[in-house]
Amino acid sequence: MAADHLPITKFEDKIMETVKANPVVVIIGETGSGKSTQLSQILHRRGYTRSGSIAVTQPRRVAAVSVARRVALELGVRLGDEVGYSIRFEDQSSEKTRIKYLTDGCLLREILSNPELNQYSVIILDEAHERSLNTDILLGLMKRLVKMRSSNLKVLITSATLDGVKVSRFFSDCPILNVPGTLFPVEKLYSAKRPASYLESSLQTALDIHIREPPGDVLIFMTGQDDIEKMVAKLEERIGHLEEGSCLDAIVYPLHGSLPPEAQVLVFSPAPPNCRRFIVATNIAETSLTIDGIVYVIDCGYVKQRQYNPTTGIYSLDTVQISRVQADQRAGRAGRTRPGKCYRLYPSSVYLEELLDATVPEILRSSLAGCVLYLKSLDLTDIDILRFDFLDPPSDDSLEDALRQLYLIDAIDENGLITDIGRKMAELPLDPSLSRTLIEANELGCLSQALTVAAMLSVETTFLHNRRKDKDKKRKQPVSDLPNGSGWGDHIQLLQIYENWAEVGYDRNWLIDNDLQVRSMKFAKDIRKQLCQIMQKIAKGAVDVQSNHRHKESRLQYHGLRKALCQGYGNLLAERMIHHNGYRTLGHRSQLVQVHPSSVLESDEDGRLPDYVVYHELVATSRPFMRNVCAVEMAWVMPILKKLEKLDINKLSGGMRANKVPEFNGNPQTESSKNEAPESVMEPDNHDSKIQAARERYLARKGKK
DNA sequence: GAGCACTGC
């Protein structure tokens, strides 16, 4: 249990000296340095927990729990006493807790009720290089907090490969400490040129390794489920054709997020003797899951990334080149147990000249409505929210988009000030539209139903069907007899599904029979419970969270619920075109869109879809689609359109536009011909000029250091 | 009439 062998313990004195003299310290610690488990213990030993406790944030739930367990074990204390953790739905901490591990999202929630975090003497932001949206918000908040609490707060920012200089500069040139890790060397091998098909190329490389290289498992990074399934099949086939006894046995595992947990666990079972394991994975194996025994890594150089375009409101999932940080992270997976090799299926010139230093941070790729609402609810009086000091500031387009959305759903007023409704919304751990829906539903007496819809939409992947590769395409009838939303659309269908499940006593088998994901449905149940509690708290008065079965008729019309949804999704409205079933969005910029073909929204006898709908999100695949739609009435839409007409972005943003700094106009990387991805990979991002522009601004800033 | 990288409150 002794941790003396960890490199970081040798640096204890140096770390303490630096922390004592500085309010903020950046610690660069490679994998295996022990920073996640040791740093908190060092500070604890040296008396930093006498006046308060230590918070250590993690971007992932499992990490928060497992690191806390480890530290409790090393200190010989019971988990939840001196050492604890706090994640959504699970608080294992108490009055006694001196070291608390929590997800970055949990710390943001704590800030809502205690903006100065007075209970903590030290805050450690771990794995900051991942640049999760929440960590980025925390970085900005910490910068303010150290100024306010300079006498009694220490902030440590730790990460693996983060650009330490950039973060140090952000925190007024604070010191940077480097702690070496215990990784073994990994030899990098590059392809002479980009392969025509990275799938074929990975396959060939995998077989070469299997035939020529000594024992050791192989981890192959691919972009998505489809490619993984193809790869697994081809690899098994080709290995089957190898001459018997010519090499080791082999076993091939797929690994991606949508596999059921039982299948994911398989990769952690030891290989049979004399057998080489091949693991074909998405970037889930880059950070979330660590597999022992990997000696060879094959890196295709691409990743799927979701991006939001603030001018159209459309999300897209693009296959893009990985960053150098990601490439190094992937390579590092080969050196955990002994020296390894990493086969990069691209030339070294690509690695050196084309790849971005670091992945574009999530904050530059997301809708910021929730983030802006959160910051507004903190009442940071001394600064303008739109000039909030982010490590990588989002574009004006993105911030203005967030303001427009928040205004349309009454979270802020025409001057950009947070409203009472907005404050309540910020308390709810939901997309702003869903928070707004709950508050409206409470007024209209259909909160119970709205809670269910919000919970179901929060988990997303409830359906397993559609995925079935049914060759019988003529069969138009739904495979199961799940409810169909009574024609009103997908929100209502989700409600009905949950209600049916509740009626059979939340029976697991009912879910399996109906091709629903057990894990996500249970998660929805937890979320619903949590939302229920929060609504009871913020609504003050009595809240009706029981189902309202008063009138059979009104239940089938779902009148109140649809009205609440219309109010909540006032920023996500669409109007049907006169002559066909296409829609145009009713927002800042109108967009031609269609109902996603998987929707259960029904047309009338004449084949016409409803005149007005609200949608959960716009997703661009082959075309822009509205995913999860609900029919609403024109009378409910009109007041929202009036609001839209009145909207004045200059007032909303408090004159932000007037003082705008000219945007960067350079164009360092538009030559895309070299960038073309091989077969089965889409054009790497940026058919979209706005996202491209965001990337370029980001690049330009990085280039200026 | 289409197709889903990964997290988190």
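What's counted below: heavy atoms across the whole structure, side chains too, no hydrogens, waters or symmetry copies. Predicted model, so just to flag it, every value in this text is computed and none were measured. By convention in this document, chain letters (A, B, ...) are assigned in the order of the sequence lines, proteins followed by strands, and residues within each chain are numbered from 1.
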Is the distance from OP1 or OP2 of [N] to the nearest side-chain N or O of [X] less than 4.0 Å?
{"X": "A:T319", "N": "B:dA5", "result": "no"}
{"X": "A:R627", "N": "B:dA2", "result": "no"}
{"X": "A:R623", "N": "B:dA2", "result": "yes"}

Atom-to-atom span, [atom1] of [X] to [atom2] of [N] - whole angstrom:
{"X": "A:Q305", "N": "B:dC4", "atom1": "CD", "atom2": "P", "result": "15 Å"}
{"X": "A:N628", "N": "B:dC4", "atom1": "CG", "atom2": "P", "result": "14 Å"}
{"X": "A:D136", "N": "B:dT7", "atom1": "CG", "atom2": "P", "result": "19 Å"}
{"X": "A:L317", "N": "B:dA2", "atom1": "CG", "atom2": "P", "result": "17 Å"}
{"X": "A:L138", "N": "B:dT7", "atom1": "CG", "atom2": "C1'", "result": "15 Å"}
{"X": "A:E362", "N": "B:dG8", "atom1": "CD", "atom2": "C1'", "result": "9 Å"}
{"X": "A:R131", "N": "B:dT7", "atom1": "CZ", "atom2": "C1'", "result": "16 Å"}
{"X": "A:Y315", "N": "B:dT7", "atom1": "OH", "atom2": "C1'", "result": "14 Å"}

**Asked** Can a salt bridge be assigned to the pair A:R131 and A:D392 using a cut-off of 4.0 Å between side-chain N and carboxylate O?
**Response**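 Looking at A:D392 together with A:R131, the answer is yes, because their closest N to O distance falls below 4.0 Å.
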
**Request:** Answer yes if the ring centres of A:Y615 and A:H491 are under 6.0 angstrom apart, and no otherwise.
**Result:** no

**Asked** Heavy-atom contacts under 4.0 Å between residues 279-287 of chain A and DNA chain B, which residues?
**Response**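 Nucleic-acid contacts, sorted: A:T282, A:N283, A:I284.
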
**Prompt:** Any idea which of B:dG1, B:dC9, B:dA5 is nearest the A:T103 side chain?
**Reply:**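 Closest of the options to the side chain of A:T103: B:dC9.
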
**Message:** Given B:dA2, B:dC9, B:dC6, identify the nucleotide with an atom nearest to the side chain of A:H256.
**Reply:**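 The answer is B:dC6.
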
**Request:** Please work out if A:R60 contacts a base, only the sugar-phosphate, or nothing of the nucleic acid, heavy-atom cut-off 4.0 Å.
**Result:** sugar-phosphate

**Prompt:** Which part of the nucleic acid, if any, lies within reach of A:I87 when heavy atoms closer than 4.0 Å are counted: base, sugar-phosphate only, or nothing?
**Reply:**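 Answer is sugar-phosphate: A:I87 comes under 4.0 Å of backbone atoms only.
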
**Message:** Just to verify, what does A:Y351 make a ring-ring contact (aromatic ring centres under 6.0 Å, His included) with, not counting sequence neighbours?
**Reply:** none

**Asked** For DNA chain B, whose closest nucleotide is more 5', that of A:H596 or that of A:L430?
**Response** A:H596

**Message:** Quick check: on DNA chain B, is the nucleotide nearest A:R306 upstream (toward 5') of the one nearest A:D104, or the reverse? Name the residue that is more 5'.
**Reply:** A:R306

**Qualifying residues under side chain to side chain contact (heavy atoms under 4.5 Å, CB included), relative to A:A454, sequence neighbours excluded** =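 By the side chain to side chain contact (heavy atoms under 4.5 Å, CB included) rule, A:A454 matches A:L430, A:L434, A:L438, A:L531.
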
**Request:** Find out whether the Lys NZ or Arg CZ of A:R330 is both under 6.0 angstrom from the six-membered ring centre of A:F221 and within 45° of the ring's axis.
**Result:**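 Yes, A:R330 lies over the aromatic ring of A:F221.
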
**Asked** Do we get A:R306 above A:Y315's six-membered ring, with its NZ or CZ under 6.0 Å from the centre and within 45° of the axis?
**Response**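 Yes, cation above the ring, under 6.0 Å and within 45°.
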
**A:D126 vs A:Q58, side-chain hydrogen bond (donor to acceptor under 3.5 Å, both in side chains): CA-CA, chis, key distance, verdict** = CA-CA 6 Å; A:D126 203 3; A:Q58 294 289 329; 2.9 Å; yes

